[in-house]
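One structure is given below, encoded as structure tokens.
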Amino acid sequence: MTAKFSESDCQPVSLSSASEDDATWTHLVQSSVPGLGFLFEVTGKPWTAWVGVLGLVFAATIAGLLGFGGGMHHKYENENGNYNYYADFLGRSGTTASTSGSSNNCPSSAAATEIIAPDTFYSHSPSACTSSSLTSTCANPLNILSASSLSSSPAGMIMAAPSPSLDAALRVAREFDLPSDQAQRGVDEFLSQMAEGLAKNGTTLSQIPTYVTSVPNGTEKGLYLAVDLGGTNFRVCSINLKGDSTFDLTQNKVAIPRDMMVAPSYKQLFKFLATQIEAFLEEHHNEHFEATVRRRRLTGTTDQYRREEIFDLGFTFSFPVHQTSINRGTLIRWTKGFDIPDAVGKDVCLMLQDAINELHLPVRVAALVNDTVGTLMARSYTSPGKTETLLGAIFGTGTNGAYVEKLDKVTKLDVKNDRTIDHTKNQMVINTEWGSFDNHLSVLPNTIYDQQLDAESVNPGIQMFEKRVSGMFLGEILRRAVLALTKDSEAKLLQTEGNLIPSDSPLYEIWGIDTSFLSIIEADTTSDLTATKAALFEHFKVSNATTDDAQAIKAIGHAIAKRAARLSGIALAAILLDTKRIDTDETVDIGVDGSLVEFYPKFVDYMREAMREIKGIGEKESKVRIGIAKDGSGVGAALIALVAHKEYAIGQR
Ligand code: ADP
Ligand code: MG
């Protein structure tokens, strides 16, 4: 018997002192102990249920004393060894816990944290309350449910015995647990793959040298163009660096048409990009545009532009590239759903420069920039104080990180004899391409949903870390897990009241569910999951989903995203340990960018939580300062174009 709860279900409860609280209590009894609910329903007399309650309380107390109390509790152990109870009808521990968390202060113990929070069955450790520059868990009152809202709202439902769909969902959710020891093995493996990547080419972690040997300090100045081919969108911007850690940025953003992402030839895509640059110049720098392009087109001149007429452009290209200088690099492979075979092995700057030249635009592709390197540069320019940023990390459509490495550790380069490399600071920014970390799956988790997704992706066996972490994939993992439970004859997810799923639901389409759905449901703290139900309608075209269904889907979504954040923590921890900066520096600055890290609630908190579990980091995690590098790829690209411009000017002398 599945317990259901609505206002009307409470109506028959007419004990003289019956309050809403009592109604909830009765409901909890009913739903926690189906037999009692049955008794109540058969007799229609609440006192029968209460007699049953008293009997059970007595029996359970005896059983508890004898050590057999387990049957009354539903206890889940999470990866931190904390226990979360969700159906402790005897102790009403939820009320106790909520009282301790009813202010906006950090709950005093992990056990008291979020046991009864409406949004989750999982607790998180109290140190997640450590503030970061991005988020502060404690500042979010939604994490803590007040005692009054517990007793008077159907939030108590969460304490009820789960329906088959919820029960099955919780089982699936646990498949996404990433325990501490697995995280530790992940870091060990990451460190060894990092070292291997610095020593030779063709390794799992590419560790690509970027030829960027310094990071900015905020005093840089000038007007630059930047374009960003990130995965989902194409951005064109102009950036005015003011030299005081601030900048003005003007941008246009356009979605990349899918038929250009998967095509036989690169020409169409790059022509599209150049056309966007042209439109941008016409719109935002018309004076300059008029003075150069129109004149040249009218007169048909083929002369070179004068240097001062040319915009230096930083080209942020967020795909694996074999870079050979600051503005030269060949595409190694496409990722993130792109597949244009004839571009592989070609120089991406030349492909763009050719398309720009065809439109006679006064633009020089001055620097090839990975968005992750751009994020690092932008964060370093804008970050407070003198601290130079160690790492830039992206969690958007894809995921990747770039960090400052000791130059003499980059043994695959002939550093000593390469005169194009500036040796003064003995450092170089390395683009890890960590999306392909552990492609051979020696430590990464691999659920059936991960396996299915990989098998049906355009690049099976590749970008295995990214496929468990980034925005492009999390929605799809969830879709697969939900789909499986809708077909499961016991779980009957979204089937409890007849099939609620229309045949044209995105649930049936590969890539049908966007990762933003996970953020919406995670942020939903309403007691009956109103926002989740609305999102189910918007994203799945499912109307009339039950609260149990919503709860089930929320639990899986939460687990998928939490695993992603904890996996991300592995990468960050490894870089902190490799560079030893966690030991040597007072503050270690990290810049992050991408919709997932920006919008998914608590992504950074879960990432930090995983880092603290790693040997050699622990409490030192509090030295890490994480900040969003807003418009990182644009500003960062401008900063690298600036560096390249200086080098170019020196070369021209
Ligand atoms: P890009 O990767 O092109 O630079 P973004 O950083 O905006 O662009 O990342 C886009 C990815 O982020 C998409 O995969 C999308 O599903 C995901 N995404 C967009 N909005 C959200 C959100 N609110 N929460 C989580 N993921 C999101
Ligand atoms: Mg991006």
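Just so you know, ligand 1 is whichever comes first in the structure, and atom 1 is the first atom listed for that ligand.
- At a heavy-atom cutoff of 4.0 Å, ligand 1 is contacted by the side chain of Ser519 but not by its backbone.
- For ligand 1, the atoms closer than 4.0 angstrom to any heavy atom of Gly594 are 6 (O).
- The neighbour count for Tyr508 OH, taken as heavy atoms of other residues, nucleotides or ligands under 6.0 Å away, is above 12.
- Asp589 has a carboxylate O that lies under 4.0 Å from a charged side-chain N of Arg379, or vice versa, which qualifies the two as a salt bridge.
- An N or O contact shorter than 3.5 Å links Thr232 to ligand 1 by distance.
- Taking only nitrogen or oxygen atoms, main chain and side chain alike, Thr397 reaches within less than 3.5 Å of ligand 1.
- Tested against Met260 for a side chain to side chain contact (heavy atoms under 4.5 Å, CB included), the candidates Lys267, Lys271, Gln268 yield a single pass: Gln268.
- Considering backbone and side-chain atoms alike, Gly396 places every N or O at 3.5 Å or more from each N or O of ligand 1.
- Ligand-side atoms of ligand 1 in range of Asp514: 15 (C), 16 (O), range being under 4.0 angstrom from any heavy atom.
- With a 6.0 Å cutoff to the six-membered ring centre and a 45° limit on the axis angle, Lys336 counts as a cation-pi contact of Phe319.
- For ligand 1 and Gly471, the ligand atoms under 4.0 Å from any heavy atom of the residue are 14 (O), 16 (O).
- Of the possible polar contacts, one joining the Gln193 side chain to the Asp438 backbone as a donor-acceptor pair under 3.5 Å is found.
- Residue Leu529 forms a side chain to side chain contact (heavy atoms under 4.5 Å, CB included) with just one option from Asp524, Ile521, Asp548, and that option is Asp524.
- If you number the atoms of ligand 1 from 1 as listed, the ones under 4.0 Å from a heavy atom of Asn233 come out as 3 (O).
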Under 3.5 Å, which donor-acceptor pairs do the side chains of residues 340-347 form with other protein atoms, sequence neighbours left out?
| from | atom 1 | to | atom 2 | distance (Å) |
| --- | --- | --- | --- | --- |
| Asp342 | OD1 | Tyr266 | N | 3.0 |
| Lys346 | NZ | Asp342 | O | 2.8 |
| Asp347 | OD1 | Cys349 | N | 2.9 |
| Asp347 | OD1 | Leu350 | N | 3.2 |
| Asp347 | OD2 | Gly329 | N | 3.3 |

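- Taking the centre of each ring, His558 and Tyr600 stay at or above the 6.0 Å mark.
- For ligand 1, the atoms sitting less than 4.0 Å from at least one non-hydrogen atom of Gly231 are 3 (O), numbered in the order shown with element in parentheses.
- Any N or O atom pair closer than 3.5 Å counts here, and Met472 shares at least one such pair with ligand 1.
- Near Phe599, the atoms of ligand 1 lying under 4.0 angstrom from a non-hydrogen atom of the residue are 22 (C), 23 (N), 24 (N).
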